[in-house]
Amino acid sequence: MTGSGEDWLSDGLDVAGADCGLWVSGADYMSGWRGAREAADRLNRALLGAGFELSQVRAVASTNEDGRGVVRVAGWPDAVERLAVLLEVVTSGGDGGTA
């Protein structure tokens with residue numbers, strides 16, 4: 001899943017993480033990453049459908065040190081606040097937030 005332009009990965013959102021350089025011999029990083037990529041792509045499609053720009057907030061596929069897939073959400077604070085409000089509205093179910 002890509003954004004509107006080819007430079008969407010270098011738009012200033014640091015998505016590498018602190019442990020991005022750790023590798024364990026024998027860990028199947030590709031399998032974990034592929035699963036995370038599918039989940040991140042699905043979330044990115046949902047974000048686009050909700051009116052977000054991937055240059056503001058997006059899901060990023062990664063793996064942990066054991067090769068297990070990880071999806072991180074990276075975004076500018078204002079876009080993440082908008083996402084939080086949207087999720088709060090959806091989960092409240094109209095009952096005052098006691099869902």
Locate the shortest heavy-atom distance separating [X] from [Y]; write the atom from each residue and the value.
{"X": "A36", "Y": "V71", "result": "O-CG2, 3.4 Å"}
{"X": "E65", "Y": "Y29", "result": "O-OH, 2.9 Å"}
{"X": "N64", "Y": "V70", "result": "N-CG2, 3.7 Å"}
{"X": "A59", "Y": "L47", "result": "N-CD1, 4.3 Å"}

Sub-4.5 Å side-chain heavy-atom contact between W76 and V57: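 Contact flag for W76/V57 side chains = no.
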
Measuring from atom CZ of R58 to atom CG of L48, what distance do you get when rounded to the nearest 0.5 angstrom?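 Reported value, rounded in 0.5 Å steps: 11.0 Å.
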
Kindly compute the distance separating CG (D78) from CG (L83), expressed to the nearest 0.5 Å.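 Here the rounded value is 11.5 Å.
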
side-chain hydrogen bond (donor to acceptor under 3.5 Å, both in side chains) between R68 and T63: does it pass, once the steps are laid out? CA-CA 5 Å; R68 185 172 181 182; T63 59; over 6 Å; no

Begin with the C-alpha distance, continue with both residues' side-chain angles, and end with the deciding distance and a verdict on side chain to side chain contact (heavy atoms under 4.5 Å, CB included) for F52 and L86. CA-CA 11 Å; F52 289 92; L86 176 65; 4.1 Å; yes

Criterion side chain to side chain contact (heavy atoms under 4.5 Å, CB included) on V73 and L43, from CA distance to verdict: CA-CA 9 Å; V73 176; L43 181 53; 4.0 Å; yes

Strictly below 4.0 Å, N to O, side chains only: are R37 and D41 in salt-bridge contact?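 Looking at R37 and D41, the cut-off is met.
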
